[in-house]
Protein chains: 2
Amino acid sequence: MTIRAIERAMTVLQELNLQPINTIAQLHARTKLPKPTLVRILRTLEEAGYVENDTRQGGYQVSALVTSLSSGFHKGPLVVEAGRAWAIAITRKHKWPVAIALPDYDGMIIRFSTVPDSLISPFHSTVNRRLSMLTRGMGLAYLAFLDGEDRDVMIGILQKSQDPENALSHHREELLRLLSQVRKNGFATRASTVEPRNSDTIAVPIIAKSGRVLASLGLTYFKSAFDSERDARERYVPILKSAAVAISEDLNRLSSSIAIEVNSAEPAVLEDDR
Amino acid sequence: MTIRAIERAMTVLQELNLQPINTIAQLHARTKLPKPTLVRILRTLEEAGYVENDTRQGGYQVSALVTSLSSGFHKGPLVVEAGRAWAIAITRKHKWPVAIALPDYDGMIIRFSTVPDSLISPFHSTVNRRLSMLTRGMGLAYLAFLDGEDRDVMIGILQKSQDPENALSHHREELLRLLSQVRKNGFATRASTVEPRNSDTIAVPIIAKSGRVLASLGLTYFKSAFDSERDARERYVPILKSAAVAISEDLNRLSSSIAIEVNSAEPAVLEDDR
DNA sequence: CTCGATCGTTTCGCGAGCCGGAATGGCTCG
DNA sequence: CGAGCCATTCCGGCTCGCGAAACGATCGAG
């Protein structure tokens with residue numbers, strides 16, 4: 001026996017994370033919960049400090065305190081930590097959301113996303129979302145830069161998959177041609193056959209100093225904001241490549257020891273110990 | 001009217017974030033909730049995926065999914081993003097937890113902490129916790145490096161405070177001497193008059209290229225792990241100072257444009273658009 | 001100005017479902 | 001072997017959350 005009220009509250013909290021501002025009506029439409037119930041849940045969350053009700057804007061939003069609900073969670077791999085600052089910087093400057101994805105079995109999982117930082121982005125927050133390997137830019141950018149042997153293993157796994165998005169794995173020649181093209185270009189984009197159609201993602205691999213591909217870094221934009229996809233690519237591909245190189249360098253610096261040569265202030269003990 | 005069950009669930013979730021592993025008995029002692037109630041709440045959270053019940057270890061812990069509860073929250077200042085990777089790197093190498101705190105009115109608020117990454121740390125996760133300005137290393141490291149004028153304003157604010165931890169603000173001479181000492185040393189430590197007594201925090205300022213102090217970076221350790229506090233300081237002060245400089249440099253790189261000169265792969269449009 | 005539509009919020013009586021003391025069963029001790 | 005501690009289950013009682021309906025505020029159209 002589980003407690004229904006709590007399940008509902010968690011559902012609401014999840015929904016609140018999908019959009020920067022949420023009205024009762026929207027939440028009602030998406031969660032199917034009765035409005036009075038929503039009001040009660042939201043009031044509870046508000047008094048507890050996790051939600052703010054901005055009447056001027058007419059809507060509810062999550063507050064800073066929600067971060068404390070996951071503050072005790074052991075963080076992910078260092079590549080995400082090294083990359084998040086760059087992702088945020090790109091979004092601040094160029095507005096579009098940027099994400100970092102790591103491989104997970106036969107797909108990629110988004111481990112960090114700046115969607116909430118991107119004011120122009122009506123996309124949903126996509127952290128923890130799974131992407132297929134062959135139709136998504138972030139998957140292709142990773143797969144294309146895998147070593148030959150690893151890549152063959154991966155393709156073998158994909159062939160056993162039932163997912164229609166992995167269908168290309170059965171056309172080996174075509175797939176290899178595509179991957180070779182991605183390697184030559186240094187980036188990949190989402191398959192045009194896949195939703196959502198009104199946006200595109202440009203993704204580049206993040207490659208360690210050792211040459212091993214670790215993750216992929218992707219930027220998503222509305223097609224309608226550019227005259228052609230070529231314009232967007234000419235603009236953002238260099239930025240992403242440059243950021244991927246910087247992340248790799250940071251990762252290198254971070255994982256080696258922290259330098260101990262400093263502008264020495266003598267480590268004298270404080271007299272007053274405050 | 002608020003919903004009690006939800007309030008309780010949030011309390012439990014908060015408690016779960018304070019320790020890596022939690023038994024029913026611990027939670028019962030800390031939350032005062034009846035055990036059957038705890039079991040029901042935990043089962044609900046477990047089925048929803050936010051909590052894991054590791055029977056081998058005999059306890060409950062938060063799972064990766066909790067991060068999605070705050071994935072839609074607009075992130076904090078860039079200095080935290082630039083610093084978190086360094087904080088994590090220090091903790092991975094030297095084990096002790098490291099935190100970043102930002103000023104907030106008359107105190108400091110911890111905005112990031114590696115407590116959950118520090119396996120040897122039985123400290124609680126302290127994100128969003130407020131620290132007083134005059135008795136905490138992180139407060140003093142910030143205050144001491146404020147510009148003369150800003151510092152005077154801050155001291156004025158502190159004098160109006162009733163908090164006994166701000167008492168020192170009424171002894172101007174003594175306070176200025178302390179701050180001058182901190183500036184000379186380049187770091188500050190927690191007042192020995194303040195809890196917890198069995199640990200100490202070493203804090204350094206994070207100073208922007210402009211010379212303005214932005215935040216402070218602190219490392220906390222058990223006194224019993226060292227022969228003397230001097231030993232600990234000789235060891236960690238240089239590391240912290242070095243990291244603070246690196247963070248400042250990263251911040252500078254991040255906030256200027258992302259370089260667009262790259263190892264040019266021609267931005268040719270992909271033939272196959274997948 | 002007056003409808004009417006659509007918000008968010010409050011009301012209120014019913015009964016589902018949460019509550020928690022007590023019981024259970026497993027475990028580790030001495 | 002039994003005492004003590006643990007997490008978990010049981011189950012009768014009765015709160016307390018539930019949601020249809022009403023309310024009042026806001027807005028735009030006519």
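Letters A, B, ... are given to chains in the order of the sequence lines, protein chains preceding strands, and every chain is numbered from 1.
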Quiz item: Can you find a pair of side-chain heavy atoms, one from A:P196 and one from A:R190, that are under 4.5 Å apart?
Solution: yes
Quiz item: Just wondering, do A:Q61 and A:N22 contact through their side chains at under 4.5 Å, heavy atoms?
Solution: no
Self-check item: Closest listed nucleotide, where the reference is the side chain of A:T23 and the choices are D:dA7, C:dG8, C:dT9
Solution: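 Nucleotide nearest to A:T23's side chain: C:dG8.
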Quiz item: What do you reckon, are the aromatic ring centroids of A:Y50 and A:Y60 less than 6.0 Å apart?
Solution: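 Judged by ring-centre distance (under 6.0 Å), A:Y50 and A:Y60 do not meet the cut-off.
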Name each donor-acceptor pair under 3.5 Å that joins a side chain in residues 34-48 of chain A to protein atoms two or more places apart or in another chain, with its distance.
{"residue": "A:R43", "atom": "NH1", "partner": "B:M1", "partner atom": "O", "Å": "2.9"}
{"residue": "A:T44", "atom": "OG1", "partner": "A:R40", "partner atom": "O", "Å": "2.9"}
{"residue": "A:T44", "atom": "OG1", "partner": "B:I3", "partner atom": "N", "Å": "2.9"}

Between [atom2] on [N] and [atom1] on [X], what's the gap in Å once rounded to a whole number?
| X | N | atom1 | atom2 | result |
| --- | --- | --- | --- | --- |
| A:Q26 | C:dC7 | CD | P | 10 Å |
| A:I24 | D:dT26 | CD1 | P | 17 Å |
| B:K35 | D:dC10 | NZ | C1' | 16 Å |
| B:H28 | D:dT8 | NE2 | C1' | 14 Å |
| A:L38 | D:dC18 | CG | C1' | 13 Å |

Practice problem: Report yes if at least one side-chain N or O of B:N53 is closer than 4.0 Å to OP1 or OP2 of D:dA7; otherwise report no. | Solution: no
Quiz prompt | Backbone N/O of A:L13 and side chain of A:N17: donor-acceptor pair under 3.5 Å | solution = yes
Quiz item: What residues, two or more places apart in sequence or in another chain, satisfy side-chain hydrogen bond (donor to acceptor under 3.5 Å, both in side chains) together with B:T31?
Solution: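 Testing B:T31 for side-chain hydrogen bond (donor to acceptor under 3.5 Å, both in side chains), a comparison that skips the adjacent residues, returns none.
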Quiz prompt | Partners passing side-chain hydrogen bond (donor to acceptor under 3.5 Å, both in side chains) against A:E165 (at least two apart in sequence or in another chain) | solution =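 By the side-chain hydrogen bond (donor to acceptor under 3.5 Å, both in side chains) rule, A:E165 matches A:S132, A:T135, A:R136.
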What side-chain donor-acceptor pairs closer than 3.5 Å can you find for residues 102-111 of chain A, not counting sequence neighbours?
{"residue": "A:D104", "atom": "OD2", "partner": "A:R130", "partner atom": "NH1", "Å": "2.8"}
{"residue": "A:D106", "atom": "OD1", "partner": "A:R130", "partner atom": "NH2", "Å": "2.6"}
{"residue": "A:R111", "atom": "NH1", "partner": "A:N128", "partner atom": "OD1", "Å": "3.4"}

Self-check item: Divergence of helical axes at both termini of the helix from C:dC1-D:dG30 to C:dG30-D:dC1 - five pairs an end, 10° steps
Solution: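 End-to-end axis angle for the helix from C:dC1-D:dG30 to C:dG30-D:dC1: 30°, rounded to 10°.
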Practice problem: Going 5' to 3' through nucleotides 17-30 of chain C, assign each nucleotide B (protein heavy atom under 4.0 Å from a base atom), S (under 4.0 Å only from sugar-phosphate atoms) or - (no protein heavy atom that close). | Solution: SSBBBB--------
